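Data block below; observations after.
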Amino acid sequence: MYIYNTLKKNKELLVPINLNKLKIYVCGSTVYDYCHIGHGRNMFIFYFFYKYLKHRGYILKYIRNITDIDKKIIKKSIKTNENTKNLTQRIINSIHKDEKKLGLLAPDCEPKVSDYKNIIIYYINKLLKNDFAYIKKGNVFFKIKTHKLYGMLSNQTIKNLNFFLSKKFSRYKKYKLDFSLWKKSQYKFGWASPWSVGFPGWHIECSVLSKIYLGNKFDIHGGGLDLIFPHHENEKAQSELLFCKPHVNLWVHSGHLNVNNKKMSKSLHNTILVRYIIIKYNNEVINFFFLITHYRKSINFTIDQLDIVLNLLNHILYKIICITPKRQKYNNVFYNQIILALENDFNTVKAISILFNLLYKTKKAFKLGKIKKSQSLCFELIRLGKILGILKSLKKFKPQILFNINKVGSLILKRNIYKKETNFLQSDKLRISLTVFDILIQDTIKRTFWLNR
RNA sequence: GGCUGGAUGGCAGAAUGGUUAUGCAGCGGAUUGCAAAUCCGUUAAAAUCGGUUCAAUUCCGAUUCCAGCCUCCA
């Protein structure tokens, strides 16, 4: 298995620290607003890795933190007059709901920062004791210069960073690139600490939580591309001075989801929420949409693309329904090809193209009257689809109870009687009436199929 | 200003130092009460300029353009 390592800027062979065990840490959300489809992609990508690696026989421990204390959360709670605990819990619940609707499982553990405040304070103290940090007016700052390799991950030199940051930085900092470990609260709300009533800095929480759950060193650290600098760079500096050097084997970053070629983000006000998009497109459509672009690349989100993907899935499922999959014996030719593709830095795009080759072979066998062969290939199609997270359940493609299923059946029967009587006027009327409910009718020689559009 | 990616047919999007993926759309045909779907066949590509090489879309360099990061971000 080869995975691209942001630190080395190269694909690297995955060598677990401990035999066949893998420890994965992914930076989660700051919980002050609903998940958009960009977050959805991120969750999908790391869940996909998790699921695939598990399939390959690794025993995994997958942790994703929840930042439930932050300036933004406080600001929002003041604005909406909702206490922070209610607000964060409400958002956490909504994220879990969205995740489930996307067909993803939550990580093994999702620690909340607020549950670990004492340990965070303990480690900030440790940094202070070792002279890696200093106190100024109730704030604690990390001394960036104590970490010799600072900037390695994002490939920045201190000199260049300095140049750009020359205008804006806190007047309390001794050196302008130093960053906060503890911030004194400007609000009434905050946690008690030896330095002030305040909050931990953003970066220290990930250093501490990963240490608690995964130990001094772990295999994979993931997150969105936008976290490389400063978040991961700073986290790396702290963890390496506190725990282990290096503390992470592979740094993995997922690409963004764009709208009109601009990053989808709350600050740009161009978000499309998971909870809305999932009403119209089921999770397999959205998963398929994610799979057709490599995880490190950005995707430009359009409804047209979702529609294309929806039609593709319908097309595959239509075939599966026609052929009726039956397991004969495993044919590992296509399976091996898909594994080969995925072992190369999760090349899902290639894997999908292999799936289409298989579909083509299946159709061809069916057409040539090799029914047994086509059924076996069809079974293979479903088996491989499952690895990718699609074609999981044929049921899902039946109408989402917008319309009574039995009623659809009886209307189709009625229509077929009209057709036999060559009363096309009536039969077309019925077809049109079903289109209103997004139900598409397809006549074949054998029988009439219908799909939920 | 620095850093990181990227530019592939009409669109989406991989791999690859020689054979040019895959999907959608298009085009031609078959099938059909009409649709839709399906089936068979098929066109079409490498931002620009150099270099290396027998051979470059692929490697190297320069230029142009796009996106991201350097404030909060997944």
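Residue numbers start from 1 in every chain, and the chains themselves are labelled A, B, ... in the order their sequence lines are given, proteins ahead of strands. The model shown is predicted, which means the values in this text are computed figures rather than measured ones.
Atom CG of A/Asp345 and atom C1' of B/rA15 are 14 Å apart (whole Å). In this structure, CZ of A/Phe46 is placed 13 Å from P of B/rA74, rounded to the nearest angstrom. Atom-to-atom, NZ of A/Lys363 to P of B/rG41 comes out at 11 Å; the value is rounded to the nearest Å. When rounded to the nearest whole Å, the span between CD1 of A/Ile158 and P of B/rC3 equals 15 Å. The interatomic distance linking A/Phe424 (CZ) with B/rU32 (C1') rounds to 11 Å, in whole Å. Atom CG of A/Leu227 and atom C1' of B/rU71 are 14 Å apart (whole Å). In this structure, CZ of A/Phe229 is placed 18 Å from P of B/rG68, rounded to the nearest angstrom. Atoms CG (A/Asp226) and P (B/rG68) sit 11 Å apart, rounded to a whole Å.
With distances taken from any side-chain atom of A/Asn155 to the nucleotides B/rA35, B/rC40, B/rU4, the minimum falls on B/rU4. Listed nucleotides: B/rA74, B/rG33, B/rU22. Nearest to the side chain of A/Phe356: B/rU22. Comparing B/rG13, B/rA74, B/rC3 by their nearest atom to the side chain of A/Leu257 picks out B/rA74. Counting only heavy atoms from C-beta on, A/His315 has its side chain closest to B/rC39 among B/rA74, B/rA35, B/rC39. With B/rG2, B/rG68, B/rC72 as the choices, the nucleotide that has an atom nearest any side-chain atom of A/Gln156 turns out to be B/rG2. Distances were taken from every side-chain heavy atom of A/Ser353 (C-beta onward) to each of B/rU38, B/rA14, B/rU22; the shortest belongs to B/rU22. Here the nucleotide nearest the side chain of A/Lys9, chosen from B/rG33, B/rA14, B/rU4, is B/rU4.
Paired with A/Tyr62 under the rule ring-ring contact (aromatic ring centres under 6.0 Å, His included), one option of A/Phe218, A/Phe46, A/Phe48, A/Tyr50 passes, and it is A/Tyr50. Just one residue in the list A/Asn42, A/Asp98, A/Leu273, A/Leu102 forms a side chain to side chain contact (heavy atoms under 4.5 Å, CB included) with A/Cys35, and that residue is A/Asp98. The side chain to side chain contact (heavy atoms under 4.5 Å, CB included) test with A/Ser265 is passed by exactly one of A/Lys263, A/His269, A/Lys262: A/Lys263. Just one residue in the list A/Phe290, A/Tyr276, A/Phe289 forms a side chain to side chain contact (heavy atoms under 4.5 Å, CB included) with A/Ile37, and that residue is A/Phe290.
Using the Watson-Crick or G-U wobble rule with both distances under 3.5 Å, B/rC49 pairs with B/rG61. The pairing partner recorded for B/rC27 is B/rG41, the criterion being a Watson-Crick or G-U wobble arrangement whose two distances lie under 3.5 angstrom. Base pairing analysis places B/rG68 opposite B/rC3; the two distances defining the Watson-Crick or G-U wobble pair are each below 3.5 Å. The nucleotide B/rA35 finds no pairing partner, because no Watson-Crick or G-U wobble arrangement with both distances shorter than 3.5 Å includes it. Across all strands shown, B/rC54 pairs with B/rG18; the Watson-Crick or G-U wobble distances both stay below 3.5 Å.
Backbone-only contact: A/Gln305 has heavy atoms under 4.0 Å from sugar-phosphate atoms and none from a base. Contacts of A/Asn300 with the nucleic acid, taken as non-hydrogen atoms under 4.0 Å apart, are absent. Across all strands, A/Ile292 comes closer than 4.0 Å only to sugar-phosphate atoms, never to a base (heavy-atom distances). Nucleic acid contact for A/Cys35: none, since no nucleic acid atom lies under 4.0 Å from a heavy atom of the residue. Contacts of A/Thr293 with the nucleic acid, taken as non-hydrogen atoms under 4.0 Å apart, involve only primed sugar atoms and P, OP1 or OP2. Base engagement by A/His36 is indicated by at least one non-hydrogen atom pair under 4.0 Å involving a base atom. Using a 4.0 Å heavy-atom distance criterion, A/Lys266 is classed as a sugar-phosphate-only contact. Base engagement by A/Met264 is indicated by at least one non-hydrogen atom pair under 4.0 Å involving a base atom. Contacts of A/Asn357 with the nucleic acid, taken as non-hydrogen atoms under 4.0 Å apart, involve only primed sugar atoms and P, OP1 or OP2. Counting non-hydrogen atoms under 4.0 angstrom, A/Gly151 reaches nothing in the nucleic acid.
Distances shown here put every side-chain N or O of A/Lys262 at or beyond 4.0 Å from the OP1 or OP2 atom of B/rC66. The side chain of A/Lys297 places no N or O atom within less than 4.0 Å of a non-bridging phosphate oxygen (OP1 or OP2) of B/rA12. When the side-chain nitrogen and oxygen atoms of A/Asn258 are compared with OP1 and OP2 of B/rA67, none of them lie within a distance under 4.0 Å.
Put simply, the side chain of A/Asp428 and the base of B/rG33 share a donor and an acceptor less than 3.5 Å apart. No hydrogens or angles were tested; on distance alone, nothing pairs the side chain of A/Lys367 with the base of B/rC39 as donor and acceptor under 3.5 Å.
Side chain of A/Asn139 to backbone of A/Lys184: a donor-acceptor contact under 3.5 angstrom is found.
Across the P atoms, B/rU20 and B/rU43 are found 11 Å apart, a figure rounded to whole Å. Using P as the reference atom, B/rA21 and B/rA14 are 15 Å apart when rounded to the nearest Å. Separation of the C1' atoms belonging to B/rG68 and B/rC24 is 28 Å when rounded to the nearest angstrom. On the C1' atoms, B/rG13 is 15 Å away from B/rU57, given to the nearest whole Å. Taking atom P on both B/rG6 and B/rA62, the two are 16 Å apart, rounded to the nearest angstrom. If you take atom C1' in B/rG9 and the same atom in B/rA46, they sit 9 Å apart, rounded to whole Å. Comparing the P positions of B/rG5 and B/rA45 gives an interatomic distance of 30 Å, to the nearest angstrom. Distance noted for atom C1' between B/rA7 and B/rA47: 6 Å (whole Å).
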Item checked: Step-by-step salt bridge (Lys or Arg N to Asp or Glu O under 4.0 Å) determination, A/Glu99 to A/Arg64 -> CA-CA 13 Å; A/Glu99 198 167 25; A/Arg64 187 178 66 198; 3.0 Å; yes

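Remark: A/Lys361 fails to qualify as a cation-pi partner of A/Phe334 under the 6.0 Å distance and 45° angle criteria applied to the six-membered ring.
Ring geometry for A/Phe49 versus A/Tyr295: interplanar angle over 60°, hence perpendicular rather than tilted (30 to 60°).
Summary of the strand contacts: A/Tyr4 and A/Leu425 both lie near RNA chain B, and taking for each the nucleotide with the nearest heavy atom, the more 5' one is attributed to A/Tyr4. Taking for each of A/Lys350 and A/Ser154 the nucleotide of RNA chain B with the nearest heavy atom, the 5'-most of the two is the partner of A/Ser154.
Side-chain contact of A/His147 with A/Glu240: a donor-acceptor pair under 3.5 Å is present, judged by distance alone.
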